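Each residue takes its place number in the sequence, starting with 1. Being a predicted model, the structure only gives us computed values, none of them experimental.
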Amino acid sequence: MYMRIGFIGLGIMGKPMSLNLVKSGLDVTVFDINESAVEELVGQGARGAQSPKEVGEKSDVIFTMLPKGEHVQSVVLGESGVIYGANDGAVVVDMSSISPVQSKEIAEALGARGMEMLDAPVSGGEPKAIDGTLAIMVGGKEDVYEKVKPYFDVMGQDITLVGDNGCGTTAKLANQILVNVHIAAMSEALTLASKAGIDIKKMYEAIRGGLAGSAVLDAKVPLILERNFVAGGRIDINAKDLTNVMDTAHSIGVPLPLSSQVLEMYHSLMADGKAGDDHGGLIQFYEKLANFEVKGVSQ
């Protein structure tokens, strides 16, 4: 069945995701407070909107990709929000990384107005958003998921219905633990090896095919060696995600010592003015401790 698509949030991730929907030939209406981002998508064939409410009026399925839970609540439930424009039966699909508590609250508010919601956060960063191969973890009703699945297929590759509302965001919390703690472990290893004097490029080639190899290693080591900390996943956004992790963990009595340590490292980097760096820039925390800069050649 033909469905009109809305997309709110045209940042690092949302812009390429929405562009893939446009390129697939869908009728896509977009909104962002950054008017130039909207104009760019309109130039590619999307329709522009002046408010989230207008996106709701012109769409059957509305995707949101925003930095924080408060932003999602505002565009969906706030004044001029999607909820005041969309028709009964409309589906809001939040692809942001927010807390399960916020996600369930939004789902309940939409349900009271005859609308549906899926929480569908993603993993893979900007490169996979661009090439449409994101991992998407979904929470919500199975029939609603099946209705939206063709559009997920445009943006992602590994798409899994994890459970009911809130399960997608919970899966993303677990994902963020694994990614960010892994980056910290990688940063420790690179700093040790580099200061010990070995060639980091050769070390990377030696270990990437073994048990220590990973998608994180392959994505971040080349950028670190280039000193390229342009954000695919910003430090402050990942700090927000780990804050959600810790809040959720504390509420259900789960101690997370490693996650709490990495969160403090991010706070230290943000205090140093590095909030906008890629989370691979976490290595700078270790470099400061060791008074040494990791490079890609023998020291």
Side-chain angles (χ1 to χ4, degrees), residues 1-35 37-66 71-72 74-77 80-98 103 106-107 110 113-122 124 126 128-157 159 161 165 168:
M1 184 178 70
Y2 170 78
M3 300 182 80
R4 301 168 301 162
I5 304 300
F7 207 106
I8 300 172
L10 306 176
I12 291 174
M13 298 291 289
K15 184 187 292 184
M17 291 165 68
S18 58
L19 185 56
N20 284 334
L21 292 168
V22 172
K23 287 180 176 178
S24 71
L26 295 165
D27 180 347
V28 182
T29 300
V30 299
F31 173 77
D32 194 283
I33 57 172
N34 180 350
E35 293 181 3
V38 173
E39 290 170 3
E40 183 177 342
L41 264 295
V42 169
Q44 295 289 333
R47 303 173 190 269
Q50 297 298 312
S51 69
K53 179 182 177 183
E54 185 181 346
V55 175
E57 291 169 346
K58 296 180 177 179
S59 308
D60 304 303
V61 179
I62 303 98
F63 293 94
T64 57
M65 186 52 144
L66 298 158
H71 300 138
V72 180
S74 176
V75 302
V76 176
L77 307 178
S80 295
V82 169
I83 197 170
Y84 299 112
N87 295 321
D88 286 355
V91 183
V92 173
V93 184
D94 178 41
M95 306 190 80
S96 320
S97 296
I98 67 176
S103 191
I106 296 168
L110 287 168
R113 295 287 291 263
M115 302 172 197
E116 301 287 354
M117 178 174 172
L118 299 174
D119 46 286
V122 305
E126 185 183 17
K128 288 184 176 293
I130 291 170
D131 63 21
T133 59
L134 290 163
I136 306 175
M137 44 215 94
V138 188
K141 298 175 183 175
E142 186 171 1
D143 61 328
V144 179
Y145 166 75
E146 292 297 339
K147 185 187 298 185
V148 177
K149 177 69 161 51
Y151 311 113
F152 286 144
D153 287 334
V154 175
M155 298 180 282
Q157 182 170 281
I159 303 147
L161 178 63
N165 287 116

task = Using a 4.5 Å cut-off on heavy atoms from C-beta on, say whether the side chain of Ile5 contacts that of Ser59.
result = no
key: Shortest non-hydrogen contact between Ala49 and Val55, atoms and distance   = CB-CG2, 3.6 Å
message = Go through it in stages, so that I can follow the logic: the residues are Ile83 and Met115, the test is side-chain contact (heavy atoms from CB on, under 4.5 Å), and I'd like the CA-CA distance, side-chain angles, deciding distance and then a yes or no.
response = CA-CA 8 Å; Ile83 197 170; Met115 302 172 197; 4.2 Å; yes
remark   = Here the gap from Leu26 atom CG to Ser18 atom OG, rounded to the nearest 0.5 Å, amounts to 11.5 Å
message = Does any part of the side chain of Phe7, heavy atoms only, come nearer than 4.5 Å to the side chain of Asp32, both counted from C-beta?
response = no
key: Side chain proximity check, Asn34 to Leu10, heavy atoms < 4.5 angstrom   = no
request  = Calculate, to the nearest 0.5 Å, the distance between atoms CE and CE belonging to Met13 and Met155 respectively.
outcome  = 10.5 Å
request  = Check Val22 against Ala46 and note the closest heavy-atom contact, atom names and distance.
outcome  = CG2-CB, 3.8 Å
task = Applying side-chain contact (heavy atoms from CB on, under 4.5 Å), run through Glu57 and Tyr84 and close with a yes or a no.
result = CA-CA 8 Å; Glu57 291 169 346; Tyr84 299 112; over 6 Å; no
remark   = By side-chain hydrogen bond (donor to acceptor under 3.5 Å, both in side chains), Lys53 pairs with (sequence neighbours left out) none
task = Find the distance between CG (Leu118) and CD (Glu142) and round it off to the nearest 0.5 Å.
result = 11.5 Å
request  = May I ask you to test the Met117-Ser103 pair for a side-chain heavy-atom distance under 4.5 Å?
outcome  = yes
remark   = Taken to the nearest 0.5 Å, the spacing of Met137 CE from Ile159 CD1 works out to 11.0 Å
Asp131 backbone acceptor or donor facing Asn20 side chain under 3.5 Å = no
ask   = What are the two closest non-hydrogen atoms of Phe31 and Pro52, and how far apart are they?
value = CE2-CD, 3.7 Å
message = Test your reading of the model: is there a side-chain donor-acceptor pair from Asp119 to the backbone of Asn165, 3.5 Å cut-off?
response = no
request  = Answer yes when Lys147 and Asp143 have at least one side-chain N-carboxylate O distance shorter than 4.0 Å, and no when they do not.
outcome  = no
Contact list for residues 39-48, test side chain to side chain donor-acceptor pair (under 3.5 Å), sequence neighbours left out = Lys15-Glu40, Asp27-Arg47
key: Residue pair Ile62 / Val91, side-chain heavy-atom distance below 4.5 Å   = no
task = Check whether any side-chain heavy atom of Phe63 lies under 4.5 Å from a side-chain heavy atom of Leu21, and answer yes or no.
result = yes
message = For a 4.5 angstrom cut-off between non-hydrogen side-chain atoms, does Phe152 reach Leu134?
response = no
key: Audit row: Asp94, Ile106, side-chain contact (heavy atoms from CB on, under 4.5 Å) steps and yes/no   = CA-CA 10 Å; Asp94 178 41; Ile106 296 168; 5.6 Å; no
query = If you take all heavy atoms of Pro16 and Gly11, which pair is closest and at what distance?
reply = CD-O, 3.9 Å
key: Contacts of Asn87 that satisfy side-chain contact (heavy atoms from CB on, under 4.5 Å) - sequence neighbours left out   = Arg4
query = Where do Val93 and Ala120 come nearest, in terms of heavy atoms and distance?
reply = CG1-CB, 3.9 Å
inquiry  = I want to check something: taking the side chain as every heavy atom from C-beta on, are Thr29 and Glu54 in contact at a cut-off of under 4.5 Å?
reply    = no
request  = Measure the CD1-CD1 distance between Ile8 and Ile33 for me, rounded to the nearest 0.5 Å.
outcome  = 12.0 Å
ask   = Roughly how far apart are Lys149 NZ and Ile136 CD1, rounded to 0.5 Å?
value = 9.0 Å
